[in-house]
Amino acid sequence: MPSTNPTCGLLRQRILHYNLLVPICVNGRNRFLLPVALLLALVSSVPAQEPPPASAARILLLPRKLVSGERATLAVLDVSGRLTPGVTVEFTDGDKLTTDTTGRALFVAPLNTPKLYASIQGRPGRVSSTVVPATESPTNTLEVSQVTRIASLNDRAEIIGHGFCGVADANKVTFDNKPGFVLAASPAYLAVLPPADMNPGPSQVQVVCAQKTVQPFIVVLVALELEANSAPLAPGEHRTLTVRVKGTTAKVTLEARNLAADIAELQGGGIVRAPSTGGADNIAKFELVGKQHGNFVISIRLVSPASPPRL
């Protein structure tokens, strides 16, 4: 069963970039550089505190791929990315379950349903997972067919294949021999959080389940740093947000979400994707226009589709 480590509720709190709630218009007029790694270190050093209430649940992590009749683990997070216990999750087949003290829950994939949908009770929206027959997902060997080859230090890396353990904590996933944290799992899918103390750059990843192992592969971990002017944004004023990508010289795609549309307009819409420049000074830029005085909040995350692993 999932670990009962009482600090697990804080683990996801450091993943600020998934919802990267960065207030970039605050009192004061000095220009600032907001390194995500620094934020993570500050949050991770906070003493153990009460986990978020179930009412704070906002994000449901369901394995993208399930195996019919096999066990799997899901996770629920609050808006700050903290694992959230006591949350009721409803499935379209009528089943319900509640997350345990770690903010995760174990369940069994349905036998005759090619697609499974689930939602957080009382919250709009739902997520889905593909259910494949056991014959399409061998369990006697472990294989990785696709992986997030460029992943953020602050978000989950996805690993797709077969032979994984459906109980999240039964999998051992290491980055340069440092243990990651498995958020969601099935025999065909893992969502893994890199260790908190990793540096940006290439990392060798090893996956082990029940004595089964696979040849290590490389995942490039990147850090995102946000530059912005902290002076109040006046109505009609244009402001450029610069995000620096540390850890790779390759071009990557970043996605910005406007979480305070009443305060500012994100040029291009509520959700905007932009490529980075690549190279040593690897940056991406987003444009804002003020609508009224107040603090605006932008969520920024790395968009990196899974592809065959690089050995």
Side-chain angles (χ1 to χ4, degrees), residues 1-2 12 18-19 54 57-78 81 83-84 87-100 102-149 151 155-171 173 182-193 207 209 253 255 257 271 273 301-309:
M1 295 298 291
R12 186 68 180 166
Y18 183 76
N19 297 294
R58 293 294 184 274
I59 303 165
L60 173 59
L61 296 183
L62 186 68
R64 294 182 186 273
K65 191 175 183 181
L66 300 171
V67 178
S68 178
E70 296 290 338
R71 293 185 295 179
T73 305
L74 60 78
V76 176
L77 316 173
D78 73 354
L83 287 158
T84 307
V87 179
T88 299
V89 175
E90 301 176 324
F91 295 92
T92 48
D93 62 4
D95 288 344
K96 294 183 181 180
L97 55 77
T98 303
T99 56
D100 63 15
T102 73
R104 296 174 294 176
L106 195 64
F107 66 102
V108 176
L111 293 174
N112 302 305
T113 303
K115 201 81 170 179
L116 181 67
Y117 296 89
S119 61
I120 297 172
Q121 188 178 62
R123 300 294 307 174
R126 63 181 185 175
V127 297
S128 65
S129 180
T130 299
V131 184
V132 300
T135 53
E136 294 184 15
S137 184
T139 59
N140 58 330
T141 60
L142 196 158
E143 179 180 329
V144 173
S145 57
Q146 290 188 311
V147 65
T148 307
R149 289 174 55 174
D155 199 1
R156 63 190 182 276
E158 296 184 311
I159 303 174
I160 301 169
H162 63 75
F164 308 131
C165 296
V167 179
D169 289 342
N171 300 280
V173 183
V182 180
L183 292 163
S186 80
Y189 174 92
L190 298 175
V192 186
L193 177 65
V207 180
C209 164
T253 300
E255 181 183 273
R257 289 174 178 255
I271 303 175
R273 291 187 176 185
R301 71 180 185 95
L302 175 70
V303 179
S304 181
S307 59

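Note that this is a predicted model, so its numbers are computed, not measured.
Scored by the side-chain contact (heavy atoms from CB on, under 4.5 Å) test, Ala191 finds Arg156, Ala184, Tyr189 as partners (sequence neighbours excluded). Annotation: side-chain contact (heavy atoms from CB on, under 4.5 Å) contacts of Thr113 (sequence neighbours excluded): Pro110. The salt bridge (Lys or Arg N to Asp or Glu O under 4.0 Å) check on Glu90 picks up Lys96, with sequence neighbours excluded. Ala134 is linked by a side-chain contact (heavy atoms from CB on, under 4.5 Å) to Val67, counting only residues two or more places apart in sequence or in another chain. Contacts of Arg257 classified as salt bridge (Lys or Arg N to Asp or Glu O under 4.0 Å), with partners at least two apart in sequence or in another chain: Glu255.
Within the 4.5 Å cutoff, no side-chain heavy atoms of Val192 are placed close to those of Val207. Contact annotation: the side chain of Val87 never approaches that of Leu60 to less than 4.5 Å [non-hydrogen atoms, C-beta and beyond]. Considering only heavy atoms from C-beta on, Arg273 comes within 4.5 Å of Val303 through its side chain.
In this structure, CD1 in Ile120 is found 8.0 Å from CZ in Arg58, a value given to the nearest 0.5 Å. The OG1 atom of Thr253 sits 8.0 Å away from atom CG of Leu302, with the distance rounded to the nearest 0.5 Å. Rounded to the nearest 0.5 angstrom, Leu62 CG and Ile59 CD1 are separated by 14.0 Å. To the nearest 0.5 angstrom, Leu142 atom CG is 6.5 Å from Cys209 atom SG. Separation of atoms OG1 (Thr73) and CG (Leu190) is listed at 9.5 Å; rounding is to 0.5 Å.
The ring-ring contact (aromatic ring centres under 6.0 Å, His included) contacts involving residues 105-149 comprise Phe91-Phe107, where partners must be two or more places apart or lie in separate chains. The side chain to side chain donor-acceptor pair (under 3.5 Å) contacts involving residues 132-149 comprise Glu143-His162, where partners must be two or more places apart or lie in separate chains.
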*asked:* Test side chain to side chain contact (heavy atoms under 4.5 Å, CB included) on Val147 and Ile160; report intermediate values, then the result.
replied: CA-CA 6 Å; Val147 65; Ile160 301 169; over 6 Å; no
*Check the pair Leu183 / Leu83 against side chain to side chain contact (heavy atoms under 4.5 Å, CB included), numbers first and verdict last.*
CA-CA 9 Å; Leu183 292 163; Leu83 287 158; 3.9 Å; yes
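Pro133 approaches Ser68 most closely through the heavy-atom pair CA-CB, 4.2 Å. Residues Gly166 and Leu106 share a closest heavy-atom pair of O-CD1, 4.0 Å. Here the shortest heavy-atom pairing between Val167 and Asn171 reads O-ND2, 3.3 Å. Closest non-hydrogen pair, Ser186 versus Ala72, comes out as CB-CB, 4.0 Å. Shown here for Ala109 and Leu66, the closest heavy-atom pair between the two residues is CB-CB, 3.9 Å.
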Only pairs under 3.5 Å count here: list side-chain donor-acceptor contacts from residues 123-131, not counting sequence neighbours, and write none if there are none.
{"unit_1": "Ser129", "atom_1": "OG", "unit_2": "Pro63", "atom_2": "O", "d": "2.5"}
{"unit_1": "Ser129", "atom_1": "OG", "unit_2": "Arg64", "atom_2": "O", "d": "3.1"}
{"unit_1": "Thr130", "atom_1": "OG1", "unit_2": "Lys115", "atom_2": "NZ", "d": "3.3"}

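Side chain of Thr84 to main chain of Asp78: a donor-acceptor pair is present (N/O by atom type, distance under 3.5 Å, no hydrogens or angles).
When Val144, Val182, Val173 are each tested for a side-chain contact (heavy atoms from CB on, under 4.5 Å) with Phe164, only one passes: Val144. Applying side-chain contact (heavy atoms from CB on, under 4.5 Å) to Val76 and the options Thr98, Leu61, Val89 leaves one that passes, Val89.
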